Amino acid sequence: MQLIMNTMERPESTIVSTIQTELLHWYARYQRDLPWRKDQDPYKVWVSEIMLQQTRVNTVIPYFNRFIERFPTIIDLANASDDDVVKMWEGLGYYSRVRNLHSAVKEVADKYGGKVPDQIEEISRLKGIGPYTAGAILSIAYQRKVPAVDGNVMRVYSRIFALYDDIAIPATRKKMEAIGDVLIPEHAPGDFNQALMELGATICTPTSPQCLFCPVSSVCEANEQELQDELPQKKKAKAPTPVSVRFAWIESGHSVFLVKRPDKGLLAGMWSLPTFDQEDPSAELDQYLLTRRWTVQSREVEAKIDHVFSHRHWFIEIERIKLDQVPIECGENEEWLDINSIYQKAFPNVYRKAISVMKKQ
DNA sequence: GACGCGTGGAG
DNA sequence: TCTCCAAGCGT
């Protein structure tokens, strides 16, 4: 391809075969022993790829093992309840991933008899499967020659070919996929894609890349010109918006009042403490308590914590509200739970933090 | 194309 | 303590 010809002195075919050979040999020798590499079951590859989206390998490992132990086959997952499935994802973040996965798995069970589609058009239609995940599943599980371009791959390509395209821009991924079309070998597309990612994760790291141990350093333009520190180019993300939030810890006897968050937006569908994020949180909470005609015994802000999401920074005040007695009536998406069985529900970590703080006091 | 969407770890 | 995240996708 022209791009490679322009940036390298050797003929293109030599570059391509060197990258293929060296990378595959390196991967065969140094690949990490990861639980989703024990076989190439399309279902397990699928689950692992969804979990690995924007999430580190070391974080994913225990979640993957628990998830597969609980739902060993695609049919087990398809037949499971939403609550059970979300519970296995608790604390992993980006919860729409697990809802989309469950939905897509049920569709595969219904429409494809439980066999994960091996055609790009079909698999790409499934919820939660975008260009990267489609490529990863097809290449790893079905040995199809399809690019799987993630952040690692873009970093590796940016350095090898000295590309200054901003990898934060979606259009850049298309360009990287075109490179993959040239580089990926027919005989080992899955290993090659994984090798690129493995290299990016362990050698060609964002900072302080270990070029001395890199199998393709001899053909790497960034290594040649010492451009490692300025490649890849990436515009920095916006800082999270600060928001003042109040959590209501409403208790009566040994019971605590919990609510399910709306099914869209931040922490969609997750269990939580009643949460108020207006300019004046206490005013809204006052109304909340009044409307329910609860007899409030005492109120006190007992703890302050903060929690940073990818785009929000919550400064949280947790208020303990004691009622005289447990109200009998309870709406949909609400529940009184004994304090010792709270974690039967799936809570995102920000609420687990808050619950932990309040249980200690 | 830009933004919304979590979390815990590394430097 | 602070910054930048990490194997992206949906809207």
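For clarity, every value in this text was computed on a predicted model and none was experimentally measured. Residue numbering restarts at 1 for every chain, and letters A, B, ... go by the order of the sequence lines.
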Check: Taking DNA chain B as the partner, which of residues 304-319 of chain A come within under 4.0 angstrom of it by heavy atom?
Finding: A:H307, A:V308, A:F309, A:S310, A:H311
Notebook entry, point to check: B:dA2, B:dT7, B:dG1: which one has an atom nearest the side-chain heavy atoms of A:P348?
Noted result: B:dT7
Item checked: Presence of donor-acceptor pair under 3.5 Å, side chain of A:S208 and base of B:dG11 -> no
Margin query: For A:H313, give me all partners under ring-ring contact (aromatic ring centres under 6.0 Å, His included), at least two apart in sequence or on another chain.
Written below: A:F315
Next item on the list: Check every strand shown and say whether A:V153 touches a base, only sugar-phosphate, or nothing at a heavy-atom separation below 4.0 Å.
Entry: nothing
Next item on the list: For A:K234 and C:dA6, give me the distance from atom NZ to atom C1', rounded to whole Å.
Entry: 9 Å
Next item on the list: Ignoring hydrogens and angles, tell me if any N or O in the side chain of A:S252 forms a donor-acceptor pair with the backbone of A:S255 under 3.5 Å.
Entry: no
Check: For residues 26-38 of chain A, which residues have at least one heavy atom under 4.0 Å from DNA chain C?
Finding: A:R32, A:L34, A:W36, A:R37
Show me, pair by pair, the donor-acceptor contacts under 3.5 angstrom made by side chains of residues 116-131 of chain A, not counting sequence neighbours?
from: A:S124; atom 1: OG; to: A:I120; atom 2: O; distance (Å): 2.6
from: A:K127; atom 1: NZ; to: A:S103; atom 2: OG; distance (Å): 3.4

Note to self: Just to verify, what does A:D39 make a side chain to side chain donor-acceptor pair (under 3.5 Å) with, not counting sequence neighbours?
What the structure shows: A:K44
Margin query: Test: side chain to side chain donor-acceptor pair (under 3.5 Å). Region: residues 178-193 of chain A. Which pairs qualify, not counting sequence neighbours?
Written below: A:S139-A:N193
Notebook entry, point to check: Across the strands shown, which category fits A:G265 at heavy-atom distances under 4.0 angstrom: base, sugar-phosphate, nothing?
Noted result: sugar-phosphate
Margin query: Expressed as a whole number of angstroms, how long is the span from A:K238:NZ to B:dG1:P?
Written below: 17 Å
Note to self: Suppose you measure atom C1' in B:dC5 against the same atom in C:dA6; what distance do you get, rounded to whole Å?
What the structure shows: 14 Å
Note to self: What is the separation between atom CD on A:Q53 and atom C1' on B:dC5, rounded to the nearest whole Å?
What the structure shows: 12 Å
Checklist line | Partner residues of A:R312 under the salt bridge (charged side-chain N to carboxylate O under 4.0 Å, His left out) criterion, sequence neighbours left out | finding: none
Check: For A:Y63, what residues pass the ring-ring contact (aromatic ring centres under 6.0 Å, His included) criterion, not counting sequence neighbours?
Finding: none
Check: Looking for any heavy atom pair under 4.0 Å, which part of the strands does A:R99 touch: base, sugar-phosphate only, or nothing?
Finding: nothing
Next item on the list: Establish, with yes or no, whether the OP1 or OP2 oxygen of B:dT7 is under 4.0 angstrom from a side-chain nitrogen or oxygen of A:Y95.
Entry: yes
Note to self: Applying a 4.0 Å non-hydrogen cut-off, can you work out what A:L267 is touching in the nucleic acid: base, sugar-phosphate, or nothing?
What the structure shows: sugar-phosphate
Note to self: Against the six-membered ring of A:Y132, is A:R173 placed for a cation-pi contact (under 6.0 Å from the centre, within 45° of the normal)?
What the structure shows: no
Margin query: Judged by each residue's nearest nucleotide on DNA chain C, which is more toward the 5′ side, A:K264 or A:Y94?
Written below: A:Y94
Notebook entry, point to check: Using the ring of each side chain (for Trp, its six-membered ring), is A:W336 parallel, tilted or perpendicular to A:F257, with breaks at 30° and 60°?
Noted result: tilted
Next item on the list: Please work out if A:K353 contacts a base, only the sugar-phosphate, or nothing of the nucleic acid, heavy-atom cut-off 4.0 Å.
Entry: nothing
Next item on the list: May I ask you to check if A:R292 and A:Y288 form a cation-pi contact, with NZ or CZ under 6.0 angstrom from the six-membered ring centre and within 45° of the axis?
Entry: yes
Check: How long is the line joining CD of A:Q54 and C1' of B:dG9, in whole Å?
Finding: 15 Å
Item checked: Proximal nucleotide (of B:dG6, B:dG1, C:dA6) relative to the A:R56 side chain -> C:dA6
Margin query: Contact list please: residues 130-138 of chain A against DNA chain C, heavy atoms, distance less than 4.0 Å, in numerical order.
Written below: A:G130, A:P131, A:Y132, A:T133
Check: Roughly how many Å is it from NZ in A:K127 to C1' in C:dC9, rounded to a whole number?
Finding: 13 Å
Next item on the list: Let me know the distance between CZ of A:R155 and P of C:dG8, rounded to the nearest Å.
Entry: 10 Å
Margin query: Can you confirm whether or not the ring centre of A:Y351 sits under 6.0 Å from the ring centre of A:W271?
Written below: no
Notebook entry, point to check: What pairs with A:E317 under salt bridge (charged side-chain N to carboxylate O under 4.0 Å, His left out), at least two apart in sequence or on another chain?
Noted result: A:R246, A:K304
Note to self: Output the rounded distance in Å from CG (A:L266) to C1' (C:dG10).
What the structure shows: 15 Å
Item checked: Contact residues, residues 268-277 of chain A to DNA chain B [heavy atom, < 4.0 Å] -> none
Checklist line | Residues which pass salt bridge (charged side-chain N to carboxylate O under 4.0 Å, His left out) with A:R56, listed by chain and number, not counting sequence neighbours | finding: none
Note to self: Below 30° counts as parallel, above 60° as perpendicular, anything between as tilted: where do the rings of A:F71 and A:F67 land?
What the structure shows: perpendicular
Notebook entry, point to check: If you measure from the C1' atom in C:dG10 to the same atom in B:dG1, how many Å do you get, rounded?
Noted result: 13 Å
Next item on the list: Could you tell me if the ring centre of A:H307 sits under 6.0 Å from that of A:F309?
Entry: yes
Check: In whole Å, what is the span from the CZ atom of A:F64 to the P atom of C:dA6?
Finding: 23 Å
